[in-house]
Amino acid sequence: MKFSNTLIPTLRDIPANAEIASHILLLRGGFIRQLGSGLYTWLPLGVRVLQKIERIVREEINKTDAHEVLMPFVQPGELWKESDRWEVMGPDLLRMQDRHENDYCLSPTHEEVITDLFRKNVKSYRQLPCTLYQIATKFRDEIRPRFGVLRSREFIMKDGYSFHIDEKSLHATYLAMHDAYSSILSRLALDFRSVEAHGGVIGDDENREFHVLADTGEDAIAYSKVSSYASNLEKAEAVATGDVATASETLTKVSTPNIRTINGLVECLDVPIERTVKTLIVQGRDSPIGLVLRGDHELHEIKAARLPNVLSPLTFTKESEVRHHVGCNVGSIGPVQLQIPYYVDRSVAVLSDFVCGANEDDFHLTGVNWNRDESLQSAAIQDLRKVVEGDPAPDGSGPLSIQRGIEVGHIFKLGTKYSHTMNATVLDERGESVNVLMGCYGLGVTRLAAAVIEQKHDEIGPLWPLEIAPAQVHLVALNVPRSSEVVNAANHVYEQLTTQGIEVLYDDRNERPGVKFADADLIGIPYRITIGERGLKENTVEYQHQRELKVDVSLDQVVPTLLQDLG
RNA sequence: CGGGACGUGGCGCAGUUUGGUAGCGCACAUGACUGGGGGUCAUGUGGUCGCCGGUUCAAAUCCGGCCGUCCCGACCA
């Protein structure tokens, strides 16, 4: 590929609309251009990166005996009504009508179409298991597209779907996909974690998200450094370790005038925040419900909203109503003799000699102990809080670390969710009609391209891993066309490389060296060969690998050297 | 959708407060010089200032409406 006849519109300035590394560098390096909100054109270099990611995806997915199909992007609304998702999906689903005023939508995912394909064409358990996938364009009318191609509305995704006669078979494919995804992300040289997560609108059975660790990720991931435990923070279980210490203090009611916050309480009574307890009041089905947490912990609203009798979505009770039910202001509530039902976080349940509100304005209790001062039912002990850095991992492997991650993949066991609503059945070995079990497996291709840059870049440009770089080597000819020696040498190297099947971007433009170097940095191809008059006097060229290697190599040795390094 | 910001040649921006005939840098074209990290000089091309309406002798600037884009939140590959 010659630079002079392709389109690589690099940018000197940082585009005004771009904030994060991947967005800035994809724009500046001439990989993408924005068309509209959440809509991007992939330019020649960008397409090469995508194609290479797709090639890796195909290789690894094909190994699982999955087979590639290609389904329509525009889909009949009828199918979506059948699965009930015409309503459930909400405005994310871009709907439209054709000239006959029939409903259609742009596909955000393909469960309906694949299930329809399956039910019309597969009738016997003997044809199972069966896994089909595609690499195709999706459209989700995101509430807020952002970060360039990391959260765009139109994007390319690998989506796979498997069909099974029993759970054992489904589980085998689910594990195979887990392995395949791990292989793909490893080949992309990414630091990633497979994490526990919520299923969202697709299905809430067993599922696993794949996250590329990066500070710009939209999710927080809690993981163990020594085991494979990892969980999306929105799901991560908070556990409490240790037994309850024996009570050593006596229950005392102390005056705490005007103290309404935990920080104020800590200061006023000079107690460690870990020994303080706060009580939040939320709306319940029959009456308000108290949620008792340690002072330094944060309520996990999703967990709380799922508790029996708690209203979802979680709603805090108004202060005036709190006084009506509890008899004091929100800064003095505590579990001891609380007049409404309450739940206690696991970390609070193991506390002894703690401090909490006295359910009376301007008073708190110190030296509080469960069962001596207030009975604690085991059913009331629940996981209510967000995990924090250093919490014990639920698998007992040690402290948790928390990092942000970019969700690039998600695998689910769907069970019969779609086969039931859409009546996808096969005959089993007894001749009875049964709903098939399904799994689905998504992997964001365009998002991966951005995620790679988020993890692999420095101040001056992307550092593409060799397997997905837009080319393997960037050949820079300096001072063309003035120096015929340089032109001849560069042309010769270009031909040699091309003959060897090496992918090369050949900068044959009549540009100043500085321009060529700057562009090469912005493009980020891992190997670079620079040919200039200065080196040619000694019959050498410059050979470079990313930022860590830069040596002079003799002209006739440079191609063999590169071939050797490429393996 | 709630909160915030922005919209002026291809890109990045100034000008808007205080209305008066649209400017800078880069890019682009031509020429000269230069030639290993976005070089210099000269000449030149390119904008109905997001759109519609209003106020005014006069609107990029003031007023109203609309559209678009970005950032923070709820949602997701």
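Here is how names work: the chains are called A, B, and so on, in the same order as the sequence lines, proteins then strands, and each is numbered from 1. All figures in this text were calculated on a predicted structure; none of them were measured in a lab.
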Identify the pairs formed between an N or O of the protein and an N or O of nucleotides 31-35 of chain B at a distance under 3.5 Å, and give each distance.
{"from": "B/U34", "atom 1": "O2", "to": "A/R512", "atom 2": "NH1", "distance (Å)": "2.4"}
{"from": "B/G35", "atom 1": "O2'", "to": "A/N479", "atom 2": "OD1", "distance (Å)": "3.0"}
{"from": "B/G35", "atom 1": "O2'", "to": "A/N479", "atom 2": "ND2", "distance (Å)": "2.9"}
{"from": "B/G35", "atom 1": "O2'", "to": "A/R482", "atom 2": "NH1", "distance (Å)": "3.3"}
{"from": "B/G35", "atom 1": "O2'", "to": "A/R482", "atom 2": "NH2", "distance (Å)": "3.3"}
{"from": "B/G35", "atom 1": "N9", "to": "A/R482", "atom 2": "NH1", "distance (Å)": "3.0"}
{"from": "B/G35", "atom 1": "N7", "to": "A/R482", "atom 2": "NH1", "distance (Å)": "2.9"}
{"from": "B/G35", "atom 1": "N3", "to": "A/N479", "atom 2": "OD1", "distance (Å)": "3.4"}

Can you list everything that forms a ring pair (Phe, Tyr, Trp, His ring centres under 6.0 Å) with A/F163? Sequence neighbours excluded, please. A/F118
Between B/A74, B/C70, B/C76, spot the one nearest the side chain of A/E407, thanks. B/C76
What nucleotide among B/C76, B/G36, B/C72 has an atom nearest to a side-chain atom of A/R144? B/C72
In B/S/- notation (B base, S sugar-phosphate only, - none; protein heavy atoms under 4.0 Å), nucleotides 6-14 of chain B written 5' to 3' is -----BSS-
Give the nucleotide from the list B/C76, B/G37, B/G38 with an atom nearest to the side chain of A/V515. B/G38
Holding to side chain to side chain contact (heavy atoms under 4.5 Å, CB included), I want the full list of residues that pass it with A/D141, two or more places apart in sequence or in another chain. A/L94, A/F139, A/R153
Contacts of type ring pair (Phe, Tyr, Trp, His ring centres under 6.0 Å), residue A/H420, not counting sequence neighbours: none
Could you list by number each residue of residues 145-158 of chain A showing a heavy-atom separation from RNA chain B of less than 4.0 Å, or answer none if no residue does? A/P145, A/R146, A/F147, A/R151, A/S152, A/F155, A/M157
Name all residues meeting the side-chain hydrogen bond (donor to acceptor under 3.5 Å, both in side chains) criterion together with A/T131; count only those two or more places apart in sequence or in a different chain, and write none if there are none. none
Which nucleotide, B/C75, B/G38, B/A77, lies nearest any side-chain atom of A/R28? B/G38
Sequence neighbours left out, what pairs pass side chain to side chain donor-acceptor pair (under 3.5 Å) with at least one residue falling in residues 441-451 of chain A? A/S162-A/Y441
Between B/C75, B/G38, B/U69, spot the one nearest the side chain of A/Q34, thanks. B/U69
Mind jotting down which residue pairs meet the ring pair (Phe, Tyr, Trp, His ring centres under 6.0 Å) criterion with at least one end in residues 174-196 of chain A? Sequence neighbours excluded, please. A/H178-A/F210, A/Y181-A/F210
My understanding is that only residues two or more places apart in sequence, or in another chain, count here; which of them pass ring pair (Phe, Tyr, Trp, His ring centres under 6.0 Å) with A/W464? A/F31
Could you walk me through whether A/K537 and A/E485 pass salt bridge (Lys or Arg N to Asp or Glu O under 4.0 Å), step by step? CA-CA 10 Å; A/K537 281 185 193 146; A/E485 292 83 5; over 6 Å; no
Would you indicate, yes or no, if B/G68 has its OP1 or OP2 atom less than 4.0 angstrom from a side-chain nitrogen or oxygen of A/S37? no
Per A/K550 side chain, nearest of listed nucleotides B/G37, B/A77, B/C76: B/G37
Quick one: ring pair (Phe, Tyr, Trp, His ring centres under 6.0 Å) partners of A/Y133, sequence neighbours excluded? none
Mind checking what makes salt bridge (charged side-chain N to carboxylate O under 4.0 Å, His left out) contact with A/E209, not counting sequence neighbours? none
A/D519 has its side chain closest, among B/G38, B/C70, B/A77, to B/G38
B/C28: pairing nucleotide in any strand, Watson-Crick or G-U under 3.5 angstrom: B/G44
Quick note, A/F517 side chain, CB onward, closest among B/C70, B/G38, B/G36 is B/G36
